[in-house]
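Here is the naming used below: chain letters follow the sequence lines, and residue numbers restart at 1 for every chain.
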2 protein chains.
Amino acid sequence: MFEKYVRILKEHSMKVTPQRLEILRYLDEHRNHPTVEMIYLELKKRSPSLSKTTIYNSVEILEKHGIIQSLRIIGNETRYDYRSDLHHHFICKKCGRIFDIDLTCPVIDRVEKNGFKVEEIHGYFKGICKDCLEKEIEENGPKGTS
Amino acid sequence: MFEKYVRILKEHSMKVTPQRLEILRYLDEHRNHPTVEMIYLELKKRSPSLSKTTIYNSVEILEKHGIIQSLRIIGNETRYDYRSDLHHHFICKKCGRIFDIDLTCPVIDRVEKNGFKVEEIHGYFKGICKDCLEKEIEENGPKGTS
DNA sequence: TTTTAAATTGAAATTATTACAATTTTATAT
DNA sequence: ATATAAAATTGTAATAATTTCAATTTAAAA
Ligand SMILES: [Mn+2]
Ligand SMILES: [Mn+2]
Ligand SMILES: [Zn+2]
Ligand SMILES: [Zn+2]
């Protein structure tokens, strides 16, 4: 069940603790880019002695080792992403969900031509997701015929 | 001196107050994407009765009217930008400065093909700026010859 | 000049995050 | 299997950013 996450931690010579395993599993199975609070509330159900500080400590060290990544997109909470590879995001203004967008950024060259050395790329789009667009059409008729 | 900002506020039928004028002028003249704290500390010098809450209120309403925009890029503070038009940013990991990057994002079409309706684009790059790169070369010799 | 709605202010409350010291646990060496 | 040391977890307290709120002041319309 947890072998996968045990392996990841050991590859980074990090100590294997039940808390870290649960956090990794949560992030892996809930690809919803959760906040610390969301992880905490969910895991606390099964492990009532869990401390929120442990979540903060764990996501910090997991990110430092490049196992996960953090996002600051909406509100004033940091969100965490099981995927640590470079990808973009789409935030739906209606339902609040955060979607992964896989595309290679084609503008790095142009930025580097200006003399900057680019080490990280962060990009996200805001708008209305497919599901919410379809719901709008059901409710208001096509093209917002009111 | 302030006519420009008076005009902007009136165009949006917002009340013209000295606090709003000062905030707009600060943002216009300091294109450093400051935090509320930075604006506050600077303006407080000349207007000791200024309240930080006023800064929060003002930037909120200015953003709501599309006059300025907010950025959440580094740390856990919101930064404010006199420019409200779509543009990207570059954050230097050495000196911490935030640069404007003007380029038209060429990937919107691809995102919209997936069914999303894109309304906002937020993009930023992290790395080392030109100045800091040059300083590094001065200090360490070219190509980091140590 | 009067009036009224909106803005400003400062204090208190809330929320997210970090710091810290005591305790527990993991992983290693015996 | 046990002892050990370093690291992780925990709970509480501290900090930092932001929001709420009620009282006061002010801008702009009548
Ligand atoms: Mn993601
Ligand atoms: Mn900018
Ligand atoms: Zn949606
Ligand atoms: Zn720099």
Side-chain angles (χ1 to χ4, degrees), chain A residues 2-3 5-26 33-65 67-68 70-80, chain B residues 2-3 5-26 33-65 67-68 70-80:
Chain A
F2 285 110
E3 309 82 35
Y5 313 116
V6 172
R7 204 178 327 118
I8 293 172
L9 292 173
K10 288 200 168 152
E11 276 168 6
H12 290 266
S13 39
M14 293 170 66
K15 287 202 174 164
V16 177
T17 69
Q19 291 87 343
R20 288 176 178 175
L21 294 175
E22 289 286 2
I23 291 167
L24 276 175
R25 179 164 75 135
Y26 179 91
H33 307 85
T35 62
V36 162
E37 183 75 9
M38 287 161 78
I39 304 170
Y40 174 67
L41 289 176
E42 187 57 28
L43 299 190
K44 187 145 183 101
K45 289 181 189 167
R46 302 186 148 271
S47 328
S49 73
L50 179 67
S51 167
K52 200 183 277 187
T53 305
T54 300
I55 315 277
Y56 276 107
N57 290 338
S58 300
V59 293
E60 186 188 30
I61 197 171
L62 288 169
E63 179 173 30
K64 218 172 267 169
H65 282 269
I67 298 168
I68 66 173
S70 68
L71 312 174
R72 318 200 100 268
I73 307 193
I74 35 175
N76 18 266
E77 304 150 301
T78 304
R79 296 182 163 262
Y80 290 91
Chain B
F2 285 112
E3 310 81 36
Y5 314 116
V6 171
R7 204 179 328 118
I8 293 173
L9 291 173
K10 287 200 169 154
E11 276 168 6
H12 289 266
S13 38
M14 293 169 66
K15 284 201 177 168
V16 177
T17 69
Q19 291 87 343
R20 289 176 178 175
L21 293 174
E22 289 285 2
I23 291 168
L24 277 175
R25 179 163 75 136
Y26 178 90
H33 307 86
T35 63
V36 162
E37 183 74 11
M38 288 161 77
I39 304 170
Y40 174 68
L41 289 176
E42 187 57 29
L43 299 190
K44 186 143 184 104
K45 289 179 188 167
R46 303 188 146 270
S47 328
S49 73
L50 179 66
S51 167
K52 199 184 277 185
T53 305
T54 300
I55 316 277
Y56 277 106
N57 291 337
S58 300
V59 293
E60 186 187 31
I61 196 170
L62 288 169
E63 180 174 28
K64 216 171 269 171
H65 282 269
I67 299 168
I68 67 175
S70 69
L71 312 174
R72 318 200 100 269
I73 306 194
I74 35 177
N76 14 270
E77 305 150 300
T78 303
R79 295 180 163 265
Y80 291 90

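For B:T78 against D:dA17, a side-chain-to-base donor-acceptor contact under 3.5 Å is absent. Contact annotation: side chain of A:T53 to base of D:dT12, donor-acceptor pair present below 3.5 Å.
Distance, A:E22 CD to D:dT9 P: 12 Å, rounded to whole Å. Rounding to whole angstrom units, CZ of residue B:R72 and P of C:dA16 are separated by 11 Å.
Out of C:dT9, C:dA16, D:dA7, the shortest distance to the side chain of A:E77 is found at C:dA16. Among C:dA7, C:dT9, C:dT17, the nucleotide with an atom closest to any side-chain atom of A:K52 is C:dT17.
Between B:R79 and the phosphate of D:dA17, there is no side-chain N or O to OP1/OP2 separation shorter than 4.0 Å. At C:dT8, none of the side-chain N or O atoms of B:S51 fall inside 4.0 Å of OP1 or OP2 (strictly under the cut-off). Close to C:dT18, at under 4.0 Å from its OP1 or OP2, lies no side-chain N or O of A:Y56. Regarding contacts with the backbone of C:dT9, a side-chain N or O of B:Q19 is found under 4.0 angstrom from either OP1 or OP2. The side chain of A:T17 contributes no N or O atom lying less than 4.0 Å from OP1 or OP2 of D:dA7. The shortest distance between the side-chain N/O atoms of A:R20 and the OP1/OP2 oxygens of C:dT25 is not below 4.0 Å.
Side-chain contact of B:E63 with B:S70: a donor-acceptor pair under 3.5 Å is present, judged by distance alone.
Counting any heavy atom pair closer than 4.0 Å across all strands shown, A:S49 reaches sugar-phosphate atoms only and no base atom. Residue-level contact check: B:V16 touches the backbone only, with heavy atoms under 4.0 Å from sugar-phosphate atoms and none from bases.
Helix-axis bend for the helix from C:dT1-D:dA30 to C:dT30-D:dA1: the local axis fitted to the five terminal pairs at one end deviates from that at the other end by 30°, rounded to 10°.
Expressed to the nearest 0.5 Å, how far CD1 of B:I23 lies from CD1 of B:I61 amounts to 11.0 Å.
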